[in-house]
Amino acid sequence: MASSAVAATPKKRSKRIPLTYVVALVPVAVALNIVGGQINTVLKLPTFLDMIGTAVVAIVLGPWWGALVGATTNIVSSFISGPIGLPFAVVNVVGALVWGYTIRWGWGKTFWGFALVNILVAFLCSVTAVPIYVFIFGGATGHFADMMTAAFLAMGQNLIVSVFSSNILVSLADKIISGFVALAIIEALPANLTQGIQLPKSEGIGKIVWIAAGIVVGVAIALIVTALQ
Amino acid sequence: MQGVAIPITMVAGDSYIHRLNPLPKLFIALGVLILSFATRNPLVLGVVFALGLVFVTAAGIWKSYLRVVGILFPISLTLVVMQSIAPAFPRPWTPITDFGPFTIYQEGIYSGVSMLLRIFSMTTFALVMIMTTHPSDLFTSLQKIGMPYVLNFILTMTLQLIPILQNEFAIVLSAQKSRGMKGSGFGAVLPSMVPVFVGAIERVQQLSISLESRAFGSTGIKTSFRNVTMSLKDYVIMVLGVLATLATTVWVIADKSLDWSRTLIFPPTLSIIIVALAAIGFVAFFILAISYVLRA
């Protein structure tokens, strides 16, 4: 490898982490995404839960490794549940890039900053996902959001607005939950992997309470979304 | 974990399709994918779908195939309902009849039916490819045509890790239940993700050391445990398959008379029956889904 002894800046995190480690971490993150998504489907939760691994890798290793996890997730899951999910690889990649870059830029230093990052991810993921839903699947998702889409349609909205309105609600709940679960996972990772990452700082139990609060807010949004149907 | 088994895996068999090299199957499946998106004509898509079912029969994978198609069922129902009342089609739309607060449009039914056939035709070919091919054979073949070794390794590794993580989830959830904690719903699933992932990270460290000790990333010729060869027959089928899908794609794009969106008229009664059946299924599915969430 050509990487000389140049002291890596904090931006070049992946340079400090050996290739073999990355090659081993990416499949684990992808598998977590896929298993999370499967559990979400089986328990019929009003979220997606298929981007937690993406968030962890995007934040810890960098946005482009996260993007690799995102794309790989949808490619591998197309081997498991058919090619329906394949076009949504773009959404997973967008999520990874937003999480990766915003955390690098230091937007997620504080709790509310981190929550805001998740909201931004949710918004941009919806913007990417809606055209795919509308033009490839005719607005159908086989998900909870369909009922809301039908409600918005009945109110006289057009298909794109209806799909976006319902998708953003589910997406907000999903990305806030995924972001904070990822934060809890990152907290539990070996210190050599996570040093230098700018994430909400708080001590011991305080931080866990913050994380739980974040998750509860996410779940509350998800339940309100379900109730509204 | 009960109920979270991988629905698609290779179905063991010795049919002609099983014995075919993975590459012709992959290229034909990709060709059908492109073809399905190139047209909205229900007849063309229907023929492709029927052809797919012929391959399903030839491969003898009906049982597994139907199980996976069951997953597509809710999507199919919503698709027909959504499209009938809000077609993903340029206006003006031709109203056929009223259906409760909604109006059913001619273009909507057309669009719904064609999108449904599109999803089913591409999925059928993809499933035939996946269910008759050992993943390692596919990745070995891809490596032969220049797919990077690292990417190949990541994909294979992921497929192997999924059952392991499913198992660990089941263990963590059982441990929670045995201690009187919740075993389903958000309250159980989210906290269990942390120990599962952290446990997996320990595995990553071992795996990393193991890879390091085997000189992963070194240059030189890589060999594979499984050996896949391309025979003349495989080449012929690959070339014919690619040419057939390519020619059909060019034809469906070039022939403008295949756009039946304004000419294929659905009678009002038939339209109401299609949409009503889909709507009943759609509502039943959501009542079921909501009851799941309330129980969680």
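Throughout, a chain's letter reflects where its sequence line sits, starting with A, and its residues are numbered from 1.
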When rounded to the nearest 0.5 angstrom, what is the spacing between [atom1] in [X] and [atom2] in [Y]?
{"X": "B:Leu173", "Y": "A:Ile39", "atom1": "CG", "atom2": "CD1", "answer": "6.5 Å"}
{"X": "B:Phe197", "Y": "A:Ile185", "atom1": "CZ", "atom2": "CD1", "answer": "5.5 Å"}
{"X": "B:Met157", "Y": "A:Thr72", "atom1": "CE", "atom2": "OG1", "answer": "13.5 Å"}
{"X": "B:Phe153", "Y": "A:Thr20", "atom1": "CZ", "atom2": "OG1", "answer": "9.5 Å"}
{"X": "A:Tyr133", "Y": "B:Leu79", "atom1": "OH", "atom2": "CG", "answer": "12.5 Å"}

Trace of the side-chain contact (heavy atoms from CB on, under 4.5 Å) decision for A:Ile34 with B:Leu165: CA-CA 10 Å; A:Ile34 292 174; B:Leu165 283 195; over 6 Å; no
Which heavy atom in [X] sits nearest to a heavy atom in [Y], and how many Å separate them?
{"X": "A:Ala24", "Y": "B:Ser208", "value": "CB-N, 4.4 Å"}
{"X": "B:Ile130", "Y": "A:Ser78", "value": "CD1-O, 3.4 Å"}
{"X": "A:Ala188", "Y": "B:Val198", "value": "CB-CG2, 3.3 Å"}

Partner chain A: residue of B:Leu211, B:Ile154, B:Leu207, B:Val194 with the largest heavy-atom pair count (under 4.5 Å): B:Ile154
In terms of heavy-atom proximity below 4.5 Å to chain A, should [X] be classed as side chain, backbone, both, or neither?
{"X": "B:Val150", "answer": "side chain"}
{"X": "B:Gln206", "answer": "neither"}
{"X": "B:Arg118", "answer": "side chain"}
{"X": "B:Ile164", "answer": "neither"}
{"X": "B:Leu138", "answer": "side chain"}

Counting C-beta onward and ignoring hydrogens, is there a side-chain heavy-atom pair between [X] and [Y] closer than 4.5 Å?
{"X": "A:Thr73", "Y": "B:Thr158", "value": "no"}
{"X": "B:Gln205", "Y": "A:Tyr21", "value": "yes"}
{"X": "A:Ile52", "Y": "B:Met193", "value": "yes"}

Chain B contact via A:Ile160 - side chain, backbone, both or neither, heavy atoms under 4.5 Å: neither
Under 4.5 Å from any heavy atom of chain B - which part of A:Leu25: both
